[in-house]
Asker: 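Just dropping this structure here.
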Amino acid sequence: MPAAARKSPPQGGGDPPRYLAIAALVRDRIATEQLGPHTLLPSERELAEQHGVSRMTARQALSLLESEGVVYRRPPRGTFVAEPRVRFHIGSFSEEVSRLGRRPAARLLWAERQQPTPAVQLALALPDGAAVHVFHRLRSVDDAPVALETTFLPADLTPGILDTPEEGSLWAVLRDRYGMRLARSTAVLESIVLDDTSSSQLAVRAGSAGTLLTRRTEDDAGRCVEYARDVYRADRAAFEVSEVLTVDRTTV
């Protein structure tokens with residue numbers, strides 16, 4: 001008896017799910033400024049009728065956009081276009097926000113002199129027994145909370161800095177008050193889940209997505225003068241990274 005015929009697997013993987021295509025269309029309209037911030041979007045029923053799909057499929061598309069921070073929901077009023085993310089370069093929060101024509105602010109949650117943890121001591125290349133000045137601040141853009149900054153500075157290099165007013169750029173203080181020539185800042189970005197305290201301070205739901213930015217800043221002599229661990233709302237901040245590429249002629 002001949003062996004049963006076997007079906008070959010489909011080639012190419014087929015079409016993407018409809019909710020992804022619908023979400024892409026709405027996302028493109030928002031990105032090209034056809035739909036401004038706080039614009040009311042079509043309801044699930046209207047979206048389903050427009051695209052000939054079920055309300056469940058329309059709901060999946062809106063849920064995806066909400067999880068990306070592109071839209072927000074206000075039951076029973078509906079779903080609205082979210083404010084665009086602030087596009088940061090790695091650097092001073094205040095200077096980056098001001099560069100974009102927005103209004104930065106800082107609220108000091110606490111500041112103190114501490115003995116550094118081993119990780120902070122290593123990052124700042126501090127000798128045993130050296131202390132650090134630590135600032136923990138809530139940063140906002142146009143009065144909306146965006147980030148929690150924890151900044152560590154070598155105490156020997158920053159005497160009296162704990163008396164600095166809470167608003168404004170710490171980088172400006174390092175340059176203007178302490179004469180530091182800041183030359184290089186490097187950062188590592190990681191996706192995290194916000195804990196209950198951070199979620200409350202950043203005005204988002206517990207368990208929301210966040211971005212942890214760990215930063216080291218060096219002066220023109222190569223000395224690390226700042227170490228920071230900053231937690232951003234993932235729905236309000238984006239980071240732009242560029243790199244100058246050199247051509248390896250051996251591979252051309």
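None of these values were measured; they are calculated from a predicted model.
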Asker: A side-chain contact here means heavy atoms from C-beta on lying under 4.5 Å apart; do Arg103 and Ser98 qualify?
Answerer: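 They are not in side-chain contact.
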Asker: What do the steps show when you test Val231 against Ile192 for side-chain contact (heavy atoms from CB on, under 4.5 Å), and what is the final call?
Answerer: CA-CA 9 Å; Val231 173; Ile192 61 171; 4.0 Å; yes
Asker: Between the side chain of Ser208 and the main-chain N/O of Arg205, is any donor-acceptor distance below 3.5 Å?
Answerer: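 Yes, because the side chain of Ser208 sits within donor-acceptor range (under 3.5 Å) of the backbone of Arg205.
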Asker: Take Gln121 and Asp128 through the test side-chain contact (heavy atoms from CB on, under 4.5 Å) and record every step on the way to the result.
Answerer: CA-CA 8 Å; Gln121 181 180 0; Asp128 291 341; 2.8 Å; yes
Asker: Are the side chains of Arg137 and Leu170 in touch, meaning some heavy atoms are under 4.5 Å apart?
Answerer: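 Yes, side chains in contact.
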Asker: Search all heavy atoms of Thr214 against all heavy atoms of Glu190 and return the closest pair with its distance.
Answerer: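 Smallest interatomic distance, heavy atoms only, reads OG1-OE2, 4.3 Å.
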Asker: To the nearest 0.5 Å, what is the distance between OG1 (Thr158) and CZ (Arg113)?
Answerer: 8.5 Å
Asker: Is Tyr178 close to Pro159 at the side-chain level, that is, under 4.5 Å between some pair of heavy atoms?
Answerer: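 Of all side-chain heavy-atom pairs linking Tyr178 with Pro159, at least one is under 4.5 Å.
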Asker: Can you find a heavy atom in the side chain of Val188 that is under 4.5 Å from one in the side chain of Arg215?
Answerer: no
Asker: Counting only heavy atoms not in Asp176 (residues, nucleotides, ligands), do more than 12 fall under 6.0 Å from its CG?
Answerer: yes
Asker: To the nearest 0.5 angstrom, please state how far the CD1 atom of Ile30 sits from the CG atom of Leu41.
Answerer: 5.5 Å
Asker: One pair to check against salt bridge (charged side-chain N to carboxylate O under 4.0 Å, His left out): Arg102 and Asp142. What are the steps and the verdict?
Answerer: CA-CA 6 Å; Arg102 311 285 288 275; Asp142 298 336; 2.7 Å; yes
Asker: Verify, without hydrogens or angle tests, whether Ser199 (side chain) and Asp195 (backbone) share a donor-acceptor contact under 3.5 angstrom.
Answerer: yes
Asker: Please check: side-chain N/O of Ser54 versus main-chain N/O of Thr57, any donor-acceptor pairing under 3.5 Å?
Answerer: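 Confirmed, Ser54 side chain pairs with Thr57 backbone.
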Asker: So do the side chains of Ile161 and Leu174 get within less than 4.5 Å of each other, counting heavy atoms only?
Answerer: yes
Asker: Should Leu65 and Val53 be counted in the same cluster of Ile, Leu, Val, Met, Phe, Trp and Tyr side chains packed under 4.5 Å apart?
Answerer: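 Hydrophobic grouping puts Leu65 with Val53.
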Asker: Could you pull out the closest heavy-atom pair between Gly36 and Val81, with the gap in Å?
Answerer: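 So the minimum-distance heavy-atom pair works out to O-CB, 3.3 Å.
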Asker: Can you hop from Tyr227 to Leu189 via hydrophobic side chains spaced under 4.5 Å?
Answerer: no
Asker: Listed by chain and number, what are the ring-ring contact (aromatic ring centres under 6.0 Å, His included) partners of Phe88, not counting sequence neighbours?
Answerer: Phe93, Tyr232, Phe239
Asker: Look at the side-chain heavy atoms of Ile, Leu, Val, Met, Phe, Trp and Tyr, link any pair under 4.5 Å apart, and say whether Leu109 and Val132 land in one connected group.
Answerer: yes
Asker: I'd like to know whether Arg175 forms a side-chain hydrogen bond (donor to acceptor under 3.5 Å, both in side chains) with Ser169, so could you lay out the CA-CA distance, the side-chain angles of the two residues, the decisive distance to 0.1 Å, and finally the verdict.
Answerer: CA-CA 10 Å; Arg175 286 190 294 248; Ser169 168; 5.0 Å; no
Asker: Can you name the closest pair of heavy atoms from Leu194 and Ala209 and give their distance?
Answerer: CD1-O, 3.9 Å
Asker: Between Arg139 and Arg107, is there a donor-acceptor pair closer than 3.5 Å when you use the side chain of the first and the backbone of the second?
Answerer: no
Asker: Show the nearest heavy-atom pair for residues Asp196 and Ala206, with the distance to one decimal.
Answerer: OD1-CB, 3.4 Å
Asker: More than 12 foreign heavy atoms under 6.0 Å from CZ of Arg177: is that the case here?
Answerer: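 Check passes, neighbour count above 12.
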Asker: Using the rule that two of Ile, Leu, Val, Met, Phe, Trp, Tyr join whenever any of their side-chain heavy atoms come within less than 4.5 Å, decide whether Phe152 and Leu212 are in one cluster.
Answerer: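 They do share one cluster, since a chain of ILVMFWY contacts under 4.5 Å joins Phe152 to Leu212.
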Asker: Can you name the closest pair of heavy atoms from Pro116 and Ala131 and give their distance?
Answerer: CD-CA, 4.2 Å
Asker: Kindly compute the distance separating CD (Glu44) from CG (Leu62), expressed to the nearest 0.5 Å.
Answerer: 6.0 Å
Asker: Looking only at side-chain N and O atoms, does His38 offer a donor or acceptor that is under 3.5 Å from a partner on Glu83?
Answerer: yes
Asker: Who passes side-chain contact (heavy atoms from CB on, under 4.5 Å) against Pro154, sequence neighbours left out?
Answerer: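 Partners of Pro154 under the side-chain contact (heavy atoms from CB on, under 4.5 Å) test: Leu124, Leu126, Leu157.
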Asker: Quick one: are Val134 and Trp110 in side-chain contact, heavy atoms under 4.5 Å?
Answerer: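 The answer is yes, as the side chains (C-beta and beyond) meet within the 4.5 Å cut-off.
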Asker: Would you check if Leu182 and Trp171 make a side-chain contact, meaning some heavy-atom pair closer than 4.5 Å?
Answerer: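 The answer is yes, as the side chains (C-beta and beyond) meet within the 4.5 Å cut-off.
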Asker: Going only through I, L, V, M, F, W and Y residues with side-chain contacts under 4.5 Å, is there a path from Val70 to Ile22?
Answerer: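 Same cluster: Val70 reaches Ile22 through Ile, Leu, Val, Met, Phe, Trp or Tyr contacts under 4.5 Å.
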Asker: Which distance, rounded to the nearest 0.5 Å, do you find between the CG of Leu153 and the OG1 of Thr217?
Answerer: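 Leu153 atom CG to Thr217 atom OG1 measures 9.5 Å (nearest 0.5 Å).
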Asker: Applying salt bridge (charged side-chain N to carboxylate O under 4.0 Å, His left out) to Arg85 and Asp235, what does each step give before you reach the verdict?
Answerer: CA-CA 7 Å; Arg85 286 178 170 86; Asp235 65 334; over 6 Å; no
Asker: If you count every heavy atom of other residues, nucleotides or ligands that lies below 6.0 Å from Arg73 atom CZ, does the total exceed 12?
Answerer: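 Yes, the 6.0 Å shell around CZ holds more than 12 heavy atoms from other groups.
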Asker: To the nearest 0.5 Å, tell me how far Leu148 CG sits from Thr150 OG1.
Answerer: 7.0 Å
Asker: Does the side chain of Arg229 reach to within under 4.5 Å of the side chain of Glu149, using non-hydrogen atoms?
Answerer: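 Side chain of Arg229 against side chain of Glu149, heavy atoms only: no contact under 4.5 Å found.
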Asker: Show the numbers, then the answer: is there a salt bridge (charged side-chain N to carboxylate O under 4.0 Å, His left out) between Arg216 and Glu226?
Answerer: CA-CA 6 Å; Arg216 295 179 73 255; Glu226 177 203 45; over 6 Å; no
Asker: Any idea which heavy atoms bring Ala147 and Leu202 closest together, and the distance?
Answerer: N-CD2, 3.6 Å
Asker: Just verifying a value: how many Å separate Leu20 CG and Arg27 CZ, rounded to the nearest 0.5 Å?
Answerer: 8.0 Å
